[in-house]
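Note that this is a predicted model, so its numbers are computed, not measured. Per chain, numbering begins at 1; letters A, B, ... match sequence-line order.
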Number of protein chains: 2
Amino acid sequence: MSQTWLGIREEVHRRLRDGEWKPGDLIPSEAALSDEFNCARATVNRALQSLAEQGLLERKRKAGTRVAATPVPKAMFQIPLLRAEVEARGSTYRYLLLKKSRRKAPRNISARMKLESAANLLHIKALHFSGDTPYCLEDRWINPDVVDGLSDVDFSQTSANEFLLRNIPYTQGELSLGAREANAEHAELLDIPETSALFEMNRSTWLDGLPVTTVTLLFPPGYTLSTTL
Amino acid sequence: MSQTWLGIREEVHRRLRDGEWKPGDLIPSEAALSDEFNCARATVNRALQSLAEQGLLERKRKAGTRVAATPVPKAMFQIPLLRAEVEARGSTYRYLLLKKSRRKAPRNISARMKLESAANLLHIKALHFSGDTPYCLEDRWINPDVVDGLSDVDFSQTSANEFLLRNIPYTQGELSLGAREANAEHAELLDIPETSALFEMNRSTWLDGLPVTTVTLLFPPGYTLSTTL
DNA sequence: TAGAATATATTGTCTATACATATTCCAAGT
DNA sequence: ACTTGGAATATGTATAGACAATATATTCTA
């Protein structure tokens, strides 16, 4: 009776669900399981690695595989590419550059980018539309020392969001989500009442330790980020 | 020159970053790459699968591997287990049951749970504290037909969040994040001004097609969900 | 020419084996 | 007791070979 790695993952998953193996327990070794399921060890390995990636198991060489003490569920989200997201909903995407200037980064920005010296950065503000309604307000800082060909790009047509996601690589990044009350400027630009609750997404990226860009995206009420578990 | 799958992933990743292979392009077959890197095909396979999981590549049998047209980054988030999250920050966790009743599910709830008939559900409201400050407001509906031993649990001590995450399995789930303006009730319970922007997390789960539970967690301003890319 | 059958290329997965690497455990020596 | 060193063990990964599954491309047939 030969098994597929998906089948084995499913069976192990069931044992975890049913409490046959409880949090903190050491489960049988790959060798033992490959014997039980009558398959190669590599197949068991594939299944267990998959469950470990999801955070249900913790594996250590020699120490064996144990059920995660606090099985923290993990969820994958797709980071929106604004144009694609709008067009996927059948609306026409439009983009408006509000501001583009070169200036010293304020404190909070250089902190977010982990900049030592207050470098001269490119600051961009832009609005993204879905049809005629504002979809997202973008506030971005770019490090011109790291981004090649930046001066060639006139951000009145291509959005910085798109340009950077498509062309500029990064090796590390941080992403955080939260909520923020709209201020007067937000309210006017996004065409919503003041005090509305905005969905906020912050992303910063680095290339080999050098800060590339940091951006805040603000979405008007009603926007949701969804995924399946 | 034998290679590791991580090394190959890194090299392929570099070629994507540097634009040697552009979005939409077909990249060489596993056989060709394993030849170039002088390693087994399985090793290349491991590397490419890893990149495909991250959304950078799209693979199809016979059709080959191509660079994702719109490389949508994906990010993994850890779903908070409230107690663990609070304690990890060094605060003491406290929990207060506000309401527990059995009633017919209102429209929006049965829609969210994809319930056909308006079943009799258990409705729970609770507050989670970090030290003395409210940390999260929980509003949950539970399907007693699916959750075993529900009547044995007195939710005044154990939070429903904890009980369900630890004991009740599910096979499918949905998760969505958003922002919402606080109303009078939220403001009072969370001890914040009205009109504050709350971070909202909705989770619903099913077990083999049967609805298990749906919950809304509301977090006061300042709460963020973070991850690294 | 259009549609159906067939060939073919590419990824998906399994097997068996081997060695690498990290970690635990125990025994020996101080 | 304490350290040190090695043996044992579980996972991590690489290899070669095989077959399966699935698109695509080609050829055949009506």
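An OP1 or OP2 oxygen of C/dT11 is reached within less than 4.0 angstrom by no side-chain nitrogen or oxygen of B/Gln49. For C/dT13, the OP1/OP2 oxygens have no side-chain nitrogen or oxygen of B/Asn45 closer than 4.0 Å. Residue B/Thr65 has a polar side-chain atom (N or O) positioned under 4.0 Å from OP1 or OP2 of C/dT11. The phosphate of C/dT15 (OP1 or OP2) has a side-chain N or O of A/Thr43 nearer than 4.0 angstrom. Within the structure, every side-chain polar atom (N or O) of B/Arg61 is placed at least 4.0 Å from both OP1 and OP2 of C/dA9. Between A/Arg59 and the phosphate of D/dG12, there is a side-chain N or O to OP1/OP2 separation shorter than 4.0 Å.
If you check C/dT13, D/dG12, C/dT24 against the side chain of A/Leu6, the one that comes closest is C/dT13. Listed nucleotides: C/dT23, D/dG12, C/dC14. Nearest to the side chain of A/Thr4: C/dC14. Which of D/dA14, C/dG12, D/dA10 sits closest to the side chain of A/Lys62 comes down to D/dA10. Of the candidates D/dG12, D/dT24, D/dT13, D/dT13 carries the atom nearest the B/Arg46 side chain, counting heavy atoms from C-beta on. The side chain of A/Ser29 approaches D/dT11 more closely than any other nucleotide in the set D/dT24, D/dA16, D/dT11.
Look at CG on B/Asn38: it is 11 Å from C1' on D/dT15, rounded to the nearest Å. If you take CZ of B/Arg66 and P of C/dT10, they are 12 Å apart, rounded to a whole angstrom. Atom NZ in B/Lys60 sits roughly 12 Å away from atom C1' in C/dT10 (whole-Å rounding). For the pair B/Leu26 CG and C/dA9 C1', the interatomic distance rounds to 12 Å; values are reported in whole Å. Atom C1' of nucleotide C/dG12 and atom CZ of B/Arg41 are separated by 8 Å, given to the nearest angstrom. Regarding B/Glu53, its CD atom lies at a distance of 17 Å from the P atom of C/dT11, rounded to whole Å. Atom P of nucleotide C/dT15 and atom CH2 of A/Trp5 are separated by 14 Å, given to the nearest angstrom. Note: CG (B/Leu48) to C1' (C/dT13) measures 15 Å, nearest angstrom.
Comparing A/Ala42 and A/Gly64 by the nucleotide of DNA chain D that holds the closest heavy atom to each, the one mapping nearer the 5' end is A/Gly64. Ranked by how close their nearest DNA chain C nucleotide is to the 5' end, A/Ala63 and B/Ile27 are led by B/Ile27.
Checking each of B/Arg203, B/Arg112, B/Lys114 against B/Glu174 for a salt bridge (Lys or Arg N to Asp or Glu O under 4.0 Å) leaves exactly one that passes, namely B/Lys114.
For the pair B/Leu96 and B/Phe129, the minimum side-chain heavy-atom distance is below 4.5 Å.
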* Show the numbers, then the answer: is there a salt bridge (charged side-chain N to carboxylate O under 4.0 Å, His left out) between A/Glu20 and A/Arg14? => CA-CA 9 Å; A/Glu20 291 180 29; A/Arg14 189 194 61 73; 3.1 Å; yes
* Between A/Phe77 and B/Leu175, is a side chain to side chain contact (heavy atoms under 4.5 Å, CB included) present by the stated rule, with each step listed? -> CA-CA 10 Å; A/Phe77 285 92; B/Leu175 182 64; 3.8 Å; yes
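Salt bridge annotation for B/Glu30-B/Arg41: present, with a cationic side-chain nitrogen under 4.0 angstrom from a carboxylate oxygen.
Using the six-membered ring where Trp is involved, B/Tyr95 and B/His128 have ring planes that are tilted, between 30° and 60° apart.
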